Amino acid sequence: ELGHAAAANYFGIGTREISLLPIGGIALLERLPQRPLAEFFIAVAGPLVNFLIATILFLPARDALNSGMIKAIESINGHNFIVNVFMVNLTMGVFNLIPAFPMDGGRVLRSVLSIKLDRLQATRIAARTGQILAVIAVMISVFTNQQVVSNPGLLLISLFIFYSAQAELQSFIYWSTLDGHIAREVTMKEFGEVDSSDKLSKAVQSLLSGSHHSFVVFSQETAVGTLSRSDIIQGLAQSGTDALVGDSMHKGVPTIPDDMPLEKAYNVVMESNERPVVVTSSGEMIGVIDADNLLEFIMTRQAISRRR
């Protein structure tokens, strides 16, 4: 995963986080690489690190095997540790190059297809290829030695690939819908607002009588925080209707410029956790964006695209 992150950094793409899971790791990039060549090198960087480690350990592992000291490597111990590290890296490098999206090999396949095809079409082909390979892996196990029962790891990995491919495809559809648009296009000029000195009862009334599920909190005409539906419910449970909005609000206001690319604004909105994001122009607030109107924008754009 550090190999992916280093390659992405070379192409000017930051890495938000690296998650390590029981069945693998995920380097979450700040954005998708625009060019197929960049995606190709970022994708292969991970397996290349595995092959590099395996190459470095090849001679020590060969000597350990030839010494006759190692009769089995089912368990890891001081005698066979180097051999295990060599085998794990070699296996991971080969396995990750299988063209099963969203694994590295699938991303390599998409980058190659993107040279001639539309990016969305290339993603669809790569995702479907990954799902087909996942189904084939399970079927082979079932109809040969029923290894899927004795080796649940294969089933787990196959299911992970199948559903992750669909999730990645849906995520890319969202991204391709947002591509080329800016925050100003989806900014809501009318939005819910309350004062920090208001009682929660007023926020409840606004919540029930209107269409807004989240609010910008003002103090002396300055935005000082946000109030989501969850904040209101939690405040009512803890302090009752006479509590002040300022005591239940989420302090600080996430802010983006109106010319920010919408795919970047999408990340900010999703991280705001149901709270509105303030949109500014020349430092002045012109409206807000929340998850609901972003989803509505995606749905309407997709409907127009299908119609065309």
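Note that this is a predicted model, so its numbers are computed, not measured.
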Quick check for you: to the nearest 0.5 Å, what is the distance between [X] atom [atom1] and [Y] atom [atom2]?
| X | Y | atom1 | atom2 | value |
| --- | --- | --- | --- | --- |
| Ser114 | Asp118 | OG | CG | 8.0 Å |
| Ile136 | Ser158 | CD1 | OG | 10.5 Å |
| Thr187 | Asn293 | OG1 | CG | 8.0 Å |
| His250 | Ser272 | NE2 | OG | 9.5 Å |
| Leu113 | Arg119 | CG | CZ | 11.0 Å |

Can you name the closest pair of heavy atoms from [X] and [Y] and give their distance?
| X | Y | result |
| --- | --- | --- |
| Thr226 | Pro276 | CG2-O, 3.7 Å |
| Met270 | Ala291 | CE-CB, 3.7 Å |
| Pro102 | Arg107 | O-NE, 3.3 Å |
| Asp104 | Pro47 | OD2-CD, 3.4 Å |
| Arg124 | Ile173 | NH2-CD1, 4.0 Å |
| Ile256 | Ala265 | CD1-CB, 3.7 Å |

Give a yes or no on whether [X] atom [atom1] has more than 12 heavy-atom contacts from other residues, nucleotides or ligands under 6.0 Å away.
| X | atom1 | answer |
| --- | --- | --- |
| His181 | NE2 | yes |
| Ile233 | CD1 | yes |
| Gln205 | CD | no |
| Lys189 | NZ | yes |

Flag the pair [X] / [Y] as yes when at least one side-chain heavy-atom distance between them is below 4.5 Å, and no otherwise.
| X | Y | value |
| --- | --- | --- |
| Val216 | Arg275 | no |
| Tyr266 | Leu294 | yes |
| Ile182 | Glu185 | yes |

Exercise for the section: Test Ile232 against Phe215 for side-chain contact (heavy atoms from CB on, under 4.5 Å), laying out the working first. Expected result: CA-CA 10 Å; Ile232 295 175; Phe215 305 87; 3.8 Å; yes
Practice task
Kindly indicate, with the supporting measurements, whether the criterion side-chain contact (heavy atoms from CB on, under 4.5 Å) is fulfilled by Arg31 and Ile13.
Solution key: CA-CA 7 Å; Arg31 59 181 175 86; Ile13 302 173; 3.6 Å; yes
Exercise for the section: Give a yes-or-no answer on whether the side chains of Gln131 and Arg128 include a donor-acceptor pair shorter than 3.5 Å. Expected result: yes
Problem - Donor-acceptor side-chain pairing of Asp290 and His213 below 3.5 angstrom - result: no
Practice task
Please determine if Arg110 and Glu168 form a salt bridge, counting it only when a charged side-chain N lies under 4.0 Å from a carboxylate O.
Solution key: no
Problem - Arg301 with Glu296: basic N within carboxylate O range, under 4.0 Å - result: no
Exercise for the section: Return yes if some donor-acceptor pair links the side-chain N/O of Gln166 with the main-chain N/O of Tyr163 below 3.5 Å, else return no. Expected result: no
Handout entry: Full working for side-chain contact (heavy atoms from CB on, under 4.5 Å) between Leu236 and Thr241
Key = CA-CA 6 Å; Leu236 289 173; Thr241 56; 3.8 Å; yes
Practice task
Decide side-chain contact (heavy atoms from CB on, under 4.5 Å) for Ile98 and Leu133; before the verdict, give the C-alpha distance in whole Å, the side-chain angles of both, and the deciding distance to 0.1 Å.
Solution key: CA-CA 9 Å; Ile98 296 174; Leu133 290 176; 4.0 Å; yes
Same apolar cluster (I L V M F W Y, side chains within < 4.5 Å links), [X]/[Y]:
| X | Y | answer |
| --- | --- | --- |
| Phe58 | Met87 | yes |
| Leu117 | Leu109 | yes |
| Met92 | Val85 | no |

Exercise for the section: Give me the ring orientation class for Phe11 and Phe41: parallel if the planes are under 30° apart, tilted from 30 to 60°, perpendicular past 60°. Expected result: parallel
Show me, pair by pair, the donor-acceptor contacts under 3.5 angstrom made by side chains of residues 196-203, not counting sequence neighbours?
| unit_1 | atom_1 | unit_2 | atom_2 | d |
| --- | --- | --- | --- | --- |
| Ser197 | OG | Asp195 | OD1 | 2.6 |
| Asp198 | OD2 | Asp195 | N | 2.9 |

